[in-house]
Amino acid sequence: MPAAVVAIGAAWAGGAIAAAIGLTGVMAAVVGSVIAMGLSAVGTSILGLNNKPNQPSSVGQESSLLLQNDASPIASIPVVYGKRRVGVSRVFLKVTDSNQYLHLVLALCEGGIESVDKVYFNGEVAWSHDTGIASKYDGVAWVNAHLGADDQLADSDLISAMNDSSVWSSDHRLQGTAYLYVKLKYNRDIFQGVPTIQADIVGIRTRTKFEQDESEESNPTLDFTTGSASGPRVLYHYLTNTRYGKGIDPSLIDADSFQSVQDYSDDNPIYYYANQADQDSDTKTQLNDRYQCNIGLDPDTAIFENVKKILTSMNAMLTFSGGRYRLIANKVEEPSFDFNKDNIIGRWDISLPNRNTKFNRLKVNWPDSSQGYQPTITYIESEQYRNEDGNELLEQSIDLPGTTDHTRAYLTGYINLAQSRHTTVCSFTATYNAFNVAVGDVVTVTHETPGWDGKTFRVMSIGLLTDGTAQVTLSEYDANMFVIGFEGRPVPFRADPATLDYGFTSSVPPPTNLIPITEWLQDTTGSAKGFINVYWDTPDPSSSGIISYYVVQYKIVDTDNWISVSTPINYTKIGPLPAGYTYDLRVYSVNQYGARSSYLV
């Protein structure tokens, strides 16, 4: 078998595994290796892909960046797949007709998206693809949405409004960029400043089939998907895209492996309980497209990191074996090979689960589509696991940046909580027969040295040693952890964290004495920007336990879009906010067990 060149951080991944379990021997070549993972036992305990509980989640920061308004015309724009709400980057501003009209060109994201569904001004719907401009803004606001095709034309309304080809002409096409042209008419009763603008979009279109000639637009078999994106298709598109992705030649990708994961997603809907009554009566709801991925990627982030973020939506791994990239989902599989005394030579290295690799409580960070894609936390805890750990709290935190609904967030979290209890990793040298398996295969080990009889593992790497033998690294595999979400075991209904009994406290008192102080600043353009400095008194620690953090929520009065900000101290500054609006504020505290208080308003 020829030596393989492992790309996208494979050497790093292989090195991390080797260092973690103390591999020995001189490696001649890496024949196959896991090069990127979503969330799994090895991802948690060896590759270090997940956060420790006291580390800040990247989901909150990424969601805020995706939703913010940026005044820089050179700011990077995100790569968006599936359904997300995004902010804008201002690339053009012009006032006409004696300061009566303000013209804005606002970049949304990389182009080739499916649709712009809604546009928001300060959190309320101002324009809809289906109904046009909202009645409140009729006659004072106009919105044109452009999807960013490579052949898109310039906005004809803007050309007419400028009436000057040196300002905006038919050459200003913004090809490859999805954007809005927004025209606002001066009206003090409606606009007290330039509104914060966001849009609900359906992102970059992906192909329904994994084809090597996917770039050929004329191929009639390459239909586009619609609606929310599927993880395998998103990953394939990102890996092969030459503009903002990795640009891998499709011939180097095992399209059948991607299709296999896609078929599994299509054929195995998620079953869940939609509410408490349904759970009590065992009435199940079906959720199609198991591996949905709705994600905004920062083009300035390393491609390898973005690949890992996409993989979290599938709880999958990307491998390189036999000169090709393969996608493998963590699911129920039958073993394909048995390692035993006939093919294991020796050099055993075994790493067993310990308090640093297993946990009994999981904090899942994800952007909730039902809350305007604001960062949300779901806690999953096992009383059985905690009893096994001597009642010691062992907590881990994971980020799911492409998961935007509770059902999928809970399902992925549950699997990872269960999988953390099965983190045995072993390595040994084996005969050439080891090359009959591929990285990602499920195998068994039967050997008297560790005392295992048919113990199941997944192959993580295979290396060719200088003496012609194989160095094999395996990670423990237990099919029982993948049974939730099917018809026989639906995903449970969500309970509010404040109602969960973690066995330590049943009530967390809220903060007291909320004090908002308004602050105004004038920028270089003369526009006033408002800030609200929010202070409060902390609750009594004797009755609340240790407070981990506070959540401050705010919204414009008479709107429904609450925006959340987390802080570890009893103060935060909100803003900048547009002038002329009144805001609702509320605060709650969260203790070290994840229980939250009622609101202080």
Side-chain angles (χ1 to χ4, degrees), residues 13 16 34 36-63 231 235 270 290-297 301 304-318 329-331 353 355-369 373-382 385-386 389 393-423 475-476 478 481-482 484-485 491-492 494 497 500 548-549 566 590 592-594:
V34 173
M37 306 180 67
L39 301 164
S40 69
V42 170
T44 299
S45 62
I46 297 180
L47 299 184
L49 304 186
N50 303 329
N51 299 324
K52 295 296 182 184
N54 59 343
Q55 291 179 328
S57 164
S58 65
V59 169
Q61 180 180 12
E62 291 170 357
S63 296
L235 180 60
I270 299 172
R290 176 171 285 259
Y291 295 145
Q292 189 179 101
C293 181
N294 300 301
I295 195 167
L297 301 173
T301 298
F304 180 51
E305 296 301 319
N306 281 337
V307 166
K308 290 193 293 185
K309 291 175 182 178
I310 296 170
L311 286 169
T312 64
S313 65
M314 300 176 275
N315 199 8
M317 63 183 71
L318 184 67
N330 278 312
K331 55 185 178 62
R355 67 185 309 277
N356 294 319
T357 63
K358 64 180 180 179
F359 40 97
N360 47 52
R361 183 165 181 259
L362 189 65
K363 177 183 177 183
V364 184
N365 306 292
W366 55 284
D368 190 346
S369 60
Y373 297 93
Q374 294 295 324
T376 302
I377 298 173
T378 294
Y379 287 94
I380 304 169
E381 186 170 20
S382 168
Y385 293 162
R386 184 146 183 169
D389 298 328
L393 175 63
L394 301 177
E395 182 178 321
Q396 182 63 275
S397 174
I398 62 172
D399 292 338
L400 303 179
T403 300
T404 57
D405 65 275
H406 170 263
T407 301
R408 291 183 175 87
Y410 186 95
L411 175 60
T412 302
Y414 178 94
I415 290 173
N416 282 274
L417 181 61
Q419 196 165 8
S420 77
R421 315 298 294 189
H422 303 273
T423 56
S475 174
E476 186 176 0
D478 186 346
M481 67 186 72
F482 304 116
I484 190 172
V491 178
R494 168 169 46 182
L500 297 181
S548 296
Y549 60 94
S566 299
V590 181
Q592 77 267 41
Y593 308 120

Apply side chain to side chain contact (heavy atoms under 4.5 Å, CB included) to I398 and L362, showing your working. CA-CA 7 Å; I398 62 172; L362 189 65; 3.8 Å; yes
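- Between R355 and D389 the shortest side-chain heavy-atom distance does not fall below 4.5 Å.
- Proximity of a side-chain donor or acceptor of N330 to a complementary backbone N or O of N315 within less than 3.5 Å is detected.
- Closest of all the heavy-atom pairs between W366 and I377 is NE1-C, 4.3 Å.
- Closest of all the heavy-atom pairs between M314 and Y291 is O-CE2, 3.5 Å.
- The closest side-chain donor-acceptor pair between T312 and D399, if any, does not fall under 3.5 angstrom.
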One pair to check against side chain to side chain contact (heavy atoms under 4.5 Å, CB included): D405 and N294. What are the steps and the verdict? CA-CA 10 Å; D405 65 275; N294 300 301; 5.8 Å; no
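- Using modelled atom types, one side-chain atom of S369 and one backbone atom of T404 make a donor-acceptor pair closer than 3.5 Å.
- Counting all heavy atoms, side chain and backbone alike, R421 lies closest to L417 at CG-O, 3.7 Å.
- The two residues F359 and Y385 have their closest heavy-atom pair at O-CD1, 4.2 Å.
- Residues V59 and P367 form a side-chain contact, since some pair of their non-hydrogen atoms from C-beta on lies under 4.5 Å apart.
- Between E381 and R386, at least one side-chain nitrogen of the basic residue sits less than 4.0 Å from a carboxylate oxygen of the acidic one, meeting the salt-bridge criterion.
- With hydrogens and angles ignored, the 3.5 Å screen pairs no side-chain donor or acceptor of S397 with any backbone N or O of E395.
- How far OG1 of T423 is from NZ of K358: 8.0 Å, rounded to the nearest 0.5 Å.
- Nearest heavy atom pair, residue G402 against residue S313, reads O-CB, 4.5 Å.
- The side-chain heavy atoms of I415 and K331, taken from C-beta on, include no pair separated by under 4.5 Å.
- When the side-chain contact (heavy atoms from CB on, under 4.5 Å) test is applied to Y414, the partners found at least two apart in sequence or on another chain are Y410, I484, R489.
- Between atom CG of residue N416 and atom CG of residue L411 there is a gap of 9.5 Å, rounded to the nearest 0.5 Å.
- Contact check for L311 versus L318: side-chain heavy atoms found under the 4.5 Å cut-off.
- Between I295 and N306, the closest side-chain pair of non-hydrogen atoms is not below 4.5 Å.
- The side-chain heavy atoms of K309 and T301, taken from C-beta on, include a pair separated by under 4.5 Å.
- Distance check, rounded to the nearest 0.5 Å: CE of M481 to CD of Q419 gives 4.5 Å.
- Scored by the salt bridge (Lys or Arg N to Asp or Glu O under 4.0 Å) test, R290 finds no partners at all (sequence neighbours excluded).
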